[in-house]
Amino acid sequence: MSSTLRSPLRSRLRPSLSSLRRSLRRSLSTVVGTAANSPLHSPLTDAAPSSLRSESTESSDSSQMKRAVAAAIPEKRAALQSLRRDHAAVPLDTLTVGSVLGGMRGARALFWGGTTLSPEQGIRFHGLSIEQCQAQLPGPEILGEGAGESSPGESADALSPSPQFLPESMLWLLMTGRPPSPAEALSVTRLLNERIESQGGALPPEVSRAMRALPRDLHPMTQLSVGLSVLQRNSQFARAYEQGKLGKADYWAPTYEDAITLIANLPLLAGEVYSTVQAQATGTTPQPLGQWRADRDWSYNLCSLLGYTADSANIRGLTAEQQRDFVALMRLYTGIHADHEGGNVSAHTTHLVGSALADPFLAYAAGANGLAGPLHGLAAQEVVRFLESLQRQLGGEKVTDSLLSDQLWALLRAGQVIPGYGHAVLRRADPRFTAMLRFAQARPAEFGADPHVQLMVRLSRVAPAVLREHGRCNNPHPNVDAASGILFHHYGVRELLFFTVIFACSRALGPLAQLVWDRAYGLPIERPKSVDLGQLMKLARG
Ligand SMILES: CC(=O)SCCNC(=O)CCNC(=O)[C@H](O)C(C)(C)COP(=O)(O)OP(=O)(O)OC[C@H]1O[C@@H](n2cnc3c(N)ncnc32)[C@H](O)[C@@H]1OP(=O)(O)O
Ligand SMILES: O=C([O-])CC(=O)C(=O)O
């Protein structure tokens, strides 16, 4: 489908070079202008953003990010070598029997560069909070879109919208350690798009074939995992390693290339999975739901391939404003879920598998499998399932706090967890939850009448008190999964098992950037010592 759709599109995209350059300069000057000067909104039309048209290459060549990584390597390698040489014996934490039996909670035992997680403050991306990322990282204005994420015409008492940033900007930040300029952020979009153009604008045929051969009712994360694993066939790292041509100091370069190929393919993989999920739900044959476009950014393409934009099947009949907001939600979601330091299951697994020099495709397929656990990424689905069942049980009844509290107690007495609440590290409400909530609160006309979203908001007020009284968990506050799934659900993503596929598109960015650095640092295979029950009992007795 994509090639037939793309050809007329391409012919529409050939205005003169000078007019393209003028457009690019205009869109970049919006970025450097003040927020007050920048239009809060410009419609997300079918027309291609001028800054991504193939002729306007003057300010963003697509190898910029690799050069920035290469430039950062010598200093960081030297710092790591000095730590190894001069400070290797400095103790960090004491391991106890409790930490060995308790999932190593709190043990500072992993090396991770892109993000750190403070129990009180939440996530920092190379030192930047979510709000600072929103303020500082280039957003859709560099594509020629409006800077704000809000819809026009919201009531005056709505929360003001947060500025958007592109996941491409986050990828640059995580890879290089510093925020990109607008041109550098654009270069990432170009880089990802060039990778797909070099594949003819579609998944490699063997990947599509393998995915289409799977049973249609297969778990969406299993489908994604298969797609990621089959992409491995073209791994530059695996090939170079097998040919024995590569010195250890150079491992990072093909790792980087593989990471880019993987990330570039994620919208297509997710689209392929979602078309199967749709076909399964409707009893039809899988059909492409949208088109990949070389003149669009990564998140837009993801939304389009899921069928949620005007130039796609628009499977839920979203209005122009809803389509724009869906893309804004996708950019927000994929930007802030990209990394959560090194100890979470998906990140740690990617790092562990990669430490054996498995290539990025195999390493991230493993990480994505870990994300599919209900205590980790799949919790967003559990939250929506829980909210839907609450809504059903409460039926027409007026939802009061005490009614809600009774339902939560019933869940806890049955030995279940309240999904979307608690965290292994955080001890306050997750700032990602706050960012997602704010997205809804900035759009009262859209979300005010959605009973599920209203229930989610009410739950976030009631559940912490219940969990505190229950007295078990160390953090009674909402984590990001308390809000994320239900916002996608609002726009029509009702196939609950699919949420984690969107999470996996985002989570690739951080662990893959770290994998590049793992190879740049020459980190060893990860192999802690294990102890059996007898040994532990002996050690415990002293
Ligand atoms: C993107 C993400 O991955 S964010 C996390 C998404 N996961 C969820 O929302 C699932 C619900 N939450 C949980 O299961 C947990 O809070 C986790 C997995 C996130 C963290 O686990 P832990 O670090 O072990 O949490 P903590 O130290 O607070 O656990 C202590 C006890 O409280 C319980 N507990 C923790 N959270 C909850 C909860 N939301 N509801 C009920 N009980 C809980 C634990 O199961 C544990 O019980 P136990 O003593 O019987 O074993
Ligand atoms: O940090 C964790 O353990 C879980 C989490 O929130 C994430 O991975 O995004």
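Just follow the structure's listing: the first ligand is 1, and inside any ligand the first atom is 1.
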- [ ] Take the angle between the ring planes of F503 and H337 and call it parallel below 30°, perpendicular above 60°, tilted in between.
- [x] perpendicular

Open item on the list: Would you say that more than 12 heavy atoms from the other residues, nucleotides or ligands in this model lie under 6.0 Å from the CD of Q132, or not?
Closed with: yes

Open item on the list: Here's a test for you: under side-chain hydrogen bond (donor to acceptor under 3.5 Å, both in side chains), which of T350, N344, D339 qualifies with R507?
Closed with: N344

TODO: Kindly identify the option in H337, E341, R507, H423 whose heavy atom sits closest to atom 2 (C) of ligand 2.
DONE: H423

Open item on the list: Quiz question: by atom type and distance under 3.5 Å, do the side chains of T189 and D297 form a donor-acceptor pair?
Closed with: no

Task: Distance-only side-chain donor-acceptor flag, S162 / R438, under 3.5 Å - done: yes

Check ligand 1 for N or O atoms under 3.5 Å from a protein N or O and list each pair with its distance.
residue, atom, partner, partner atom, Å
ligand 1, 3 (O), H376, ND1, 2.8
ligand 1, 7 (N), L375, O, 2.9
ligand 1, 9 (O), G420, N, 2.8
ligand 1, 9 (O), N479, ND2, 2.9
ligand 1, 12 (N), Y421, O, 2.8
ligand 1, 23 (O), R105, NE, 2.8
ligand 1, 23 (O), R105, NH2, 3.2
ligand 1, 24 (O), R105, NH2, 3.0
ligand 1, 27 (O), N474, ND2, 2.8
ligand 1, 28 (O), N474, N, 2.7
ligand 1, 32 (O), C473, N, 3.4
ligand 1, 39 (N), I418, O, 2.8
ligand 1, 39 (N), Y421, O, 2.8
ligand 1, 40 (N), I418, N, 2.8

TODO: Give yes if a backbone or side-chain nitrogen or oxygen of H340 is under 3.5 Å from a nitrogen or oxygen of ligand 2, and no if not.
DONE: yes

Open item on the list: If the cut-off is 4.0 Å to any non-hydrogen atom of N344, which atoms of ligand 2 fall inside it?
Closed with: 1 (O), 2 (C), 3 (O), 4 (C), 8 (O)

TODO: Show your reasoning for whether ring-ring contact (aromatic ring centres under 6.0 Å, His included) applies to H340 and H423.
DONE: CA-CA 12 Å; H340 216 234; H423 199 273; 5.3 Å; yes

Open item on the list: Can you tell me how the ring of H351 sits relative to the ring of W112, calling it parallel under 30°, perpendicular over 60° and tilted otherwise?
Closed with: perpendicular

Open item on the list: Can you name the atoms of ligand 2, numbered from 1 with element, that are less than 4.0 Å from a heavy atom of R432?
Closed with: 5 (C), 6 (O), 7 (C), 9 (O)

- [ ] For S405 and S402, test the side chains for any donor-to-acceptor distance below 3.5 angstrom and give the result as yes or no.
- [x] no

